[in-house]
Amino acid sequence: MRAQLARVDAVLIQAVIAAALSFAHLHDVASAAGQDGWKAWAYPISVDLLLVAAWRRLRSGEAKAAGWCWFVIALAASLGANVATAGLLDLDQVPAWLRILVAGWPAVAFLGGTLLAHSAPTAGASDEVEEQGEFKRQEDAPEPEPPTQPAIEPPPERPAVPVPAALVEHARKVAAEHHTRTGAPIDAPTLRARLGVPAPMAEAIAAHL
């Protein structure tokens, strides 16, 4: 645990030293290019903030092309200041192109910071919003009515079979004889067999008895 803390502390100390040196170099270049007072101190802050914004975009995994583009621009500004203060440029007589770059940097930094901070939602976020909207529409949709079962129609009634009165009287005698002999009322099949008539007519005669 202590070894890990020691490594972390060393990294933090190194980062602080590097940031302080880069900050001082950017301040010196801005001051030599005619940006005096508080403006000279604002230049290194804008460069560092653009670096942080680009790094956060790269870490988030969204729009990496834009993140890399502005990260390279901010890194070039920081490295350029470090190289310029190493004796390659005469800071007492700064060339015109460097004055133009320093003067135009605020607009570049503002554009990059705005694009990195305010960008359109990613495809994943759009899909999530669309899924939530679809789920909401499914919740609001009315529940389907259960399928109605077809009504069961009663079987068609058989047409009444006309039965002659004489046949009914003969059937009554046969039924009485059957009841006397068996002790039970005669049914339609027995009546059909005794009278020799079709089944519908036998049923009609049994209904008259």
Side-chain angles (χ1 to χ4, degrees), residues 1-140:
M1 185 66 179
R2 292 182 179 179
Q4 184 177 3
L5 289 177
R7 287 196 299 269
V8 171
D9 292 341
V11 172
L12 290 177
I13 293 173
Q14 183 180 3
V16 170
I17 294 174
L21 291 174
S22 178
F23 190 93
H25 293 160
L26 286 167
H27 170 268
D28 294 343
V29 170
S31 179
Q35 307 295 327
D36 54 353
W38 66 270
K39 293 182 289 184
W41 295 102
Y43 274 85
I45 295 176
S46 67
V47 173
D48 292 341
L49 288 180
L50 186 58
L51 274 173
V52 173
W55 177 248
R56 285 173 60 91
R57 175 56 59 88
L58 293 175
R59 289 291 300 273
S60 66
E62 302 172 359
K64 286 189 174 182
W68 277 114
C69 177
W70 292 107
F71 183 80
V72 170
I73 292 175
L75 186 61
S78 179
L79 290 176
N82 296 335
V83 174
T85 56
L88 297 181
L89 288 176
D90 185 4
L91 296 182
D92 294 330
Q93 295 181 355
V94 177
W97 62 266
L98 182 57
R99 293 179 182 271
I100 295 174
L101 290 179
V102 172
W105 173 256
V108 176
F110 176 78
L111 176 63
T114 303
L115 293 178
L116 291 174
H118 304 283
S119 59
T122 60
S126 301
D127 295 341
E128 183 177 355
V129 172
E130 185 176 355
E131 290 178 0
Q132 291 178 357
E134 183 67 22
F135 181 73
K136 183 64 177 178
R137 288 193 294 270
Q138 292 179 359
E139 284 186 344
D140 296 339

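Index from 1, following the sequence. This one's a predicted model, so the numbers in the text were calculated from it and none came from an experiment.
Nearest heavy atoms, L116 versus A66: CD2-O, 4.1 Å. Among all heavy-atom pairs drawn from V108 and I73, the shortest one is CG1-CG2, 4.3 Å. Here the closest heavy-atom approach between residue V29 and residue A84 is recorded as CG2-CB, 4.1 Å. When all heavy atoms are compared, the tightest approach of H25 to N82 is ND1-OD1, 2.7 Å. Of all non-hydrogen atoms in S78 and L26, the two that sit nearest each other are CA-CD2, 4.2 Å. In terms of heavy-atom proximity, W105 sits nearest to A74 at CH2-CA, 4.2 Å.
Under the 3.5 Å distance criterion, the side-chain polar atoms of S60 are matched with a main-chain donor or acceptor of R57.
For D28, the side-chain hydrogen bond (donor to acceptor under 3.5 Å, both in side chains) test picks out no residue, with sequence neighbours left out. For W55, there are no ring pair (Phe, Tyr, Trp, His ring centres under 6.0 Å) partners two or more places apart in sequence or in a different chain.
The distance from the SG atom of C69 to the CG atom of L115 is 9.5 Å, given to the nearest 0.5 Å. Remark: F71 CZ to L50 CG distance equals 10.0 Å, nearest 0.5 Å. Of the inter-residue distances, the one linking T114 atom OG1 with F110 atom CZ reads 4.0 Å to the nearest 0.5 angstrom. Atom CH2 of residue W41 and atom NE2 of residue H27 lie 4.0 Å apart, to the nearest 0.5 angstrom.
Under a cut-off of 6.0 angstrom, the local environment of CZ in R99 is crowded, with over 12 non-hydrogen atoms contributed by other residues, nucleotides or ligands.
Taking the side chain as every heavy atom from C-beta outward, F23 and I45 approach each other to under 4.5 Å.
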